[in-house]
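Only heavy atoms go into these numbers, but all of them, side chains included; no hydrogens, no water, no symmetry mates. Just so we're on the same page: letters track the sequence lines, and every chain starts at 1.
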Amino acid sequence: MKLSKSYQPQEHEAAIYSLWESRNAFIPSQKGSPYALVMPPVNANGNLHMGHALTFSIQDIAARYQRSQGKSVLYIPGADHAGFETQVVFERELIKTGKSRFDYSREELYKNIFKFVDQNRTNLHSQIRRLGASVDWTRYTFSLDPAVVRQAYATFHSMWQQGLIYRGERLVNFCTYHGTAFADIEVVHKEEQGKLWHISYPLTEGKGSVVIATTRPETMLGDTAVAVNPLDKRYQELIGKTLRLPLTNREIPIIADSYVDPDYGTGAVKITPAHDPNDFEIGERHDLPKVTVIGFDGRLVHDVPEPFKGLTVEEGRAAIINALSKNGYLAGSEDLVHSVGHCYKCGTVIEPLLMEQWFIDMKPLAKQAITAIRAGEIKFIPDTKRKQLINYLENIRDWNISRQIAWGIPIPAFVNENDPGDWIYDERVDQEVIEVNNKTYRRDPDVFDTWFSSSSWPYVTLGFPASDNYTKFYPLELMESGFDILYQWIGRMIMLGLYVTKQVPFKRVYLHGMITDEHGRKMSKSVGNVINPMEVIDAYGSDALRIGMISGQTPGNNQPYVPSKVIGGRNFCNKLWNIARFVQDKVESDQLAKLSLADHWILNRYDTMLRAYRKLMDNYRFSEAYEEIYHFVWDDIADWYIEASKVSLNPGLVKQLLEASLILAHPFAPFVTETIWQNLDITPDSLLSGRQLLDLPKGNRRSAANFNTIIGLINQVRSMLVATGTIDVKLSYPSSSLLKEHTSLIKQLTGVSSVALGSGEVGVEIAYADLKVWLDISQDRVVAYKQRLDNQIQQELTKIARLESRLNNPQYVKRAPADLVKQSHEQLAASKQNLHQLKVERQQLAR
RNA sequence: GGGGCUAUAGCUCAGUUGGCUAGAGCGCAGCAUUCACAUUGCUGAGGCCCAUGGUUCGAGUCCAUGUAGCCCCACCA
């Protein structure tokens with residue numbers, strides 16, 4: 001097919017992806033050493049966003065580059081049921097139809113969400129394809145696939161047996177709107193303006209009272225003690241005595257605990273073990289009863305005096321303050337800013353509530369992980385994330401894995417109907433009640449935290465425990481993810497991976513930042529600055545989006561979405577396209593002619609660039625590697641080599657260079673490079689995808705240097721022409737074979753009207769290295785150019801001064817590496833030579 | 001309270017173990033244009049690399065302190 005005038009991505013992308021799939025291009029080659037990476041499973045409840053565009057671009061560039069290195073690359077796609085997240089999205093849809101989750105049984109809800117997710121998944125798959133991700137669809141994994149569930153159960157069971165999982169009544173972070181508990185890590189803390197209330201609790205015996213300070217007066221109804229610091233002189237006498245709890249008349253003890261800070265508030269703290277994590281611990285230490293006064297609906301319940309029963313926490317607070325004040329118990333208040341936990345989805349204040357849940361004892365797991373990370377078994381890009389993760393692991397707390405929602409993997413545990421302490425493991429989760437040893441057991445209605453199952457991702461996707469894939473590809477070479485889930489996913493994968501497989505799950509972690517809008521603000525619907533990656537693809541093409549994501553990108557930092565970078569990428573694709581058009585028009589054979597100076601030059605450039613490119617790609621420095629290939633294609637090939645080819649064509653070499661460039665650019669711009677490949681009759685049956693980098697012959701250095709001199713001279717002439725604003729200039733040159741050979745090129749690229757051999761000095765002289773030419777420009781036009789020359793002379797003089805002082809410094813000569821000193825000498829010599837030339841030229845013009 | 005990040009051209013950002021005469025894209029100014037490409041070509045302007053001190057022959061890069069932004073963790077009642 002004849003290539004159109006410019007690259008139109010929309011006309012080719014879909015067909016190209018289908019071609020790759022139909023030719024099994026992304027199934028591991030089985031040749032070469034294995035290289036595996038796994039796509040972080042996409043939440044199956046919405047559309048791809050810019051973060052996905054970034055993450056898949058990075059992963060896919062790595063995957064495609066490794067194929068070009070001859071590796072057997074496995075890149076596994078997947079989706080996550082995303083338990084709570086998805087249920088929230090689904091609920092929002094339900095509310096639009098006038099229903100709520102309470103209109104359905106758990107089973108019905110589960111089925112409906114499954115349907116919703118299933119539709120969404122197909123949509124997501126097509127979006128992943130549009131981004132060009134070279135994933136092996138035959139190994140696609142969904143987090144509710146039997147294998148994933150089986151592994152979650154196996155891990156749960158074995159941890160339970162080893163005592164790493166326990167069930168206990170603890171204070172959990174409960175969202176009263178969503179009706180479920182969360183892990184500590186999922187709670188969002190916000191600074192809020194609040195009040196510290198001072199309340200006076202009278203002594204049971206005798207006169208006097210103790211004034212306590214609290215931000216949550218409503219929980220006083222559940223107080224079971226007041227604590228003071230054992231060393232606090234003010235309260236020394238009172239320890240062991242009792243107080244009468246206002247509004248309830250319950251008697252509570254004054255206890256001593258070193259947790260209490262005598263300098264904060266009044267130095268006396270009310271203790272509510274059922275509603276505050278610290279109080280819970282103090283309660284455990286002092287064996288205090290736990291009085292629950294807030295229910296799972298967020299209302300005051302249970303052991304609460306009548307007037308307050310049924311009020312919300314907020315209403316209760318006001319009512320209690322009012323009652324305390326009326327009865328003379330309120331001793332004052334002060335403003336304070338404190339941090340309050342909120343549900344990360346709906347913003348409801350998280351209530352610490354007593355609840356029985358399944359917990360994982362994280363300390364031993366974290367310890368193993370820290371050891372492995374410290375031993376360097378996992379490389380972090382950037383390395384600072386390693387320190388952060390270790391810091392987190394060192395302070396880790398137990399992980400609550402129970403969730404009170406419908407959408408998720410049911411916990412395979414049953415409790416004896418007649419003995420709440422008798423729990424057994426059983427996988428018959430499709431039954432609510434089972435009989436074991438003539439006893440009736442009822443299923444735990446809860447489901448696993450999604451992260452519990454997704455933390456097994458690196459090995460479940462490979463078919464652990466018994467599969468060739470697992471043996472061959474585990475541990476993964478690369479885990480690429482956003483740094484926002486460093487703790488909840490990366491950390492847990494490492495811990496569970498070590499626990500289950502006895503190996504680290506991956507050798508390298510690459511963490512990208514968040515995509516913000518152009519001014520560094522988070523993309524959010526309410527601000528209205530969200531950009532849909534599919535619309536960017538519609539407008540500029542998939543390759544352009546990938547390049548926009550990757551150029552100027554560094555790991556570990558947030559990065560703004562900058563449209564101009566996408567446009568730059570689009571333009572680059574078009575540049576490749578037009579180089580291909582030139583080849584299609586002008587190159588009729590693959591005959592390799594005798595190498596010209598330009599040929600030697602471009603081969604030299606290729607060699608230099610290829611080495612830099614490889615080194616950068618091997619070190620996951622994609623942005624810089626892209627710059628290498630970008631400048632090679634645009635500056636070297638398009639601006640110089642193709643121009644030289646118009647004068648003198650070496651068909652075989654032009655073609656080879658195009659092929660080589662396409663292979664190099666392919667990881668960044670897979671669609672346009674493959675489209676060109678398919679349309680150019682170069683090896684028609686094969687795909688570009690998967691081709692290995694080409695080694696081309698090296699150019700002769702002297703020949704290359706000679707061509708470089710021509711380039712320099714052309715640049716000088718151009719500069720002069722622009723500075724003098726002249727047209728229709730005749731160029732003459734003294735006898736020189738180098739110049740003679742390139743007269744056409746010089747004429748074409750400078751735009752002079754003629755290039756001819758001349759013996760006399762006409763007009764102004766232009767010199768570059770050992771070449772000189774004359775331009776018939778009258779002396780009076782060169783004022784601007786003279787100014788430029790003067791500037792250049794000045795620059796050269798400062799440079800020489802700097803180099804000389806450096807070389808006159810005996811310490812430098814003594815201590816700097818020898819080759820560096822040698823280089824300085826060379827630079828100085830070159831500078832002096834250059835200065836001389838500039839001066840000669842300047843003198844010429846001065847006449 | 002603990003941990004971490006950022007500060008470089010008008011904008012958005014690169015700059016690996018110190019060797020920099022500090023780069024890119026976009027933007028800006030001027031010129032060109034039927035010849036692969038206006039998704040173009042050419043020429044150019046534009047920077048006390050946040051501040052101060054230190055280490056070093058040499059610091060954008062390393063160290064310390066400070067200033068200004070930002071993120072994460074945490075049980076300040």
Could you please name the option among C35(B), G19(B), C13(B) that lies closest to any side-chain atom of Lys586(A)? C35(B)
Side chains of Val782(A) and Met720(A): closer than 4.5 Å at any heavy-atom pair? yes
Provide the distance between the two C1' atoms, one in C13(B) and one in G54(B), to the nearest whole Å. 30 Å
Side-chain N or O of Lys646(A) versus OP1/OP2 of A36(B): is the shortest distance under 4.0 Å? yes
Starting the side chain at C-beta, find the nucleotide from G4(B), C13(B), C37(B) nearest to Lys387(A). G4(B)
Pick the closest RNA chain B nucleotide for Pro9(A) and for Gly520(A) by heavy atoms, then say which residue is nearer the 5' end. Gly520(A)
Rounded P spacing from G19(B) to A59(B) in Å: 11 Å
Lys814(A) near the nucleic acid: base, sugar-phosphate alone, or nothing, with a heavy-atom cut-off under 4.0 Å? nothing
Just the rounded figure in Å: distance from P of U55(B) to CD of Gln811(A). 14 Å
Under 4.0 angstrom, heavy atoms only, what part of the nucleic acid is Gln716(A) near: base, sugar-phosphate, or nothing? nothing
Hey, can you tell me if Tyr626(A) and Tyr630(A) have their rings parallel, tilted or perpendicular (30° and 60° cut-offs)? tilted
Lys270(A) charged N/C atom sitting above Tyr201(A) aromatic ring, 6.0 Å / 45°: no
Using a heavy-atom cut-off of 4.0 Å across all strands, would you classify Ala638(A) as base, sugar-phosphate, or nothing? base
Whole angstrom value for the distance that separates C1' of G58(B) from CG of Leu803(A): 13 Å
Look at the aromatic rings of Tyr510(A) and Tyr620(A) and report parallel, tilted or perpendicular, splitting at 30° and 60°. tilted
Using atom NZ of Lys615(A) as one end and atom P of U16(B) as the other, report the distance to the nearest whole Å. 11 Å
Between C20(B) and C48(B), how far is it from one C1' atom to the other, in whole Å? 16 Å
With sugar-phosphate meaning primed atoms plus P, OP1 and OP2, does Gln488(A) contact a base, only sugar-phosphate, or nothing at under 4.0 Å between heavy atoms? nothing
Let's test this: given Watson-Crick or G-U wobble pairing with both distances under 3.5 Å, identify the partner of C28(B). G44(B)
Under a 3.5 Å limit on both distances, the Watson-Crick or wobble mate of G60(B) is none
Check nucleotides 41-48 of chain B against the protein and report each pair of N or O atoms closer than 3.5 Å, with its distance, or say if there are none.
from, atom 1, to, atom 2, distance (Å)
G41(B), OP1, Lys575(A), NZ, 3.2
G41(B), OP1, Trp634(A), NE1, 2.4
C42(B), OP1, Asp639(A), OD2, 3.3
U43(B), OP1, Asn715(A), OD1, 3.4
G44(B), OP1, Ser719(A), OG, 3.1
G44(B), OP1, Arg788(A), NH1, 2.6
G44(B), OP1, Arg788(A), NH2, 3.1

My understanding is that a pair needs two contacts under 3.5 Å, Watson-Crick or G-U wobble. By that rule, which nucleotide pairs with A7(B)? U67(B)
To the nearest Å, how far apart are Lys565(A) NZ and G27(B) C1'? 15 Å
Under 4.0 Å, counting only non-hydrogen atoms across every strand here, what does Phe280(A) touch: a base, just sugar-phosphate, or nothing? nothing
Compare the minimum distances between each of C37(B), C35(B), C26(B) and the side chain of Ser564(A), then state the nucleotide with the smallest one. C26(B)
Check this for me: does any side-chain nitrogen of one of Arg621(A) and Glu628(A) sit under 4.0 Å from a carboxylate oxygen of the other? no
Donor-acceptor under 3.5 Å (Asp276(A) side chain, Thr272(A) main chain): no
Is there a Watson-Crick or G-U wobble partner for U55(B) with both distances under 3.5 Å, and which nucleotide is it? none
Choose from U39(B), A14(B), C37(B) the nucleotide whose nearest atom is closest to any side-chain atom of Asn578(A). C37(B)
How long is the line joining CD of Gln8(A) and P of A36(B), in whole Å? 19 Å
Using the side-chain heavy atoms of Phe582(A), tell me which of these nucleotides is nearest: A14(B), U39(B), A36(B). A36(B)
Under the side-chain contact (heavy atoms from CB on, under 4.5 Å) rule, what do Met523(A) and Ile515(A) come out as? Steps first, then yes or no, please. CA-CA 8 Å; Met523(A) 284 193 183; Ile515(A) 301 279; 4.0 Å; yes
How far apart are the C-alpha atoms of Ser831(A) and Glu796(A), what are their side-chain angles, what is the distance that settles it, and do they pass the side chain to side chain donor-acceptor pair (under 3.5 Å) test? CA-CA 6 Å; Ser831(A) 264; Glu796(A) 213 60 65; 2.8 Å; yes
How would you label the contact of Gln553(A) with the nucleic acid (heavy atoms, under 4.0 Å): base, sugar-phosphate, or nothing? nothing
Asn809(A) near the nucleic acid: base, sugar-phosphate alone, or nothing, with a heavy-atom cut-off under 4.0 Å? sugar-phosphate
Would you mind reading off the distance between Asp383(A) atom CG and C5(B) atom C1', rounded to a whole angstrom? 14 Å
Quick one: look up who U39(B) pairs with, Watson-Crick or G-U, both distances under 3.5 Å, and put none if it's unpaired. none
Would you check, one step at a time, whether the test side-chain contact (heavy atoms from CB on, under 4.5 Å) holds for Asp635(A) with Trp640(A)? CA-CA 7 Å; Asp635(A) 301 348; Trp640(A) 289 104; 5.6 Å; no
What's the gap between A22(B) and G60(B) when it is taken at their P atoms, as a whole Å value? 10 Å
Are there more than 12 heavy atoms of other residues, nucleotides or ligands under 6.0 Å from atom CZ of Phe182(A)? yes
For Asp484(A), answer base if it contacts any base atom (sugar-phosphate contacts may also be present), sugar-phosphate if it contacts only those atoms, and nothing otherwise; contact means non-hydrogen atoms under 4.0 Å. nothing
Lys5(A) near the nucleic acid: base, sugar-phosphate alone, or nothing, with a heavy-atom cut-off under 4.0 Å? sugar-phosphate
Are the side chain of Asn529(A) and the backbone N or O of Ser524(A) linked by a donor-acceptor pair below 3.5 Å? yes
Under 4.0 Å from OP1 or OP2 of C20(B): is there any side-chain N or O of Arg802(A) that close? no
Its contact letters, B for base, S for sugar-phosphate only and - for none at protein heavy atoms under 4.0 Å, make nucleotides 68-77 of chain B read ----SSSBSB
Rounding to a whole Å, what distance do you find between Met549(A):CE and C13(B):P? 13 Å
Taking 4.0 angstrom as the limit, do Glu284(A) and Lys290(A) come out as a salt bridge? yes
Under a 3.5 Å limit for both distances, which nucleotide forms a Watson-Crick or G-U wobble pair with C76(B), could you say? none
Using a 4.0 Å heavy-atom cut-off across all strands, classify Pro817(A) as base, sugar-phosphate, or nothing. base
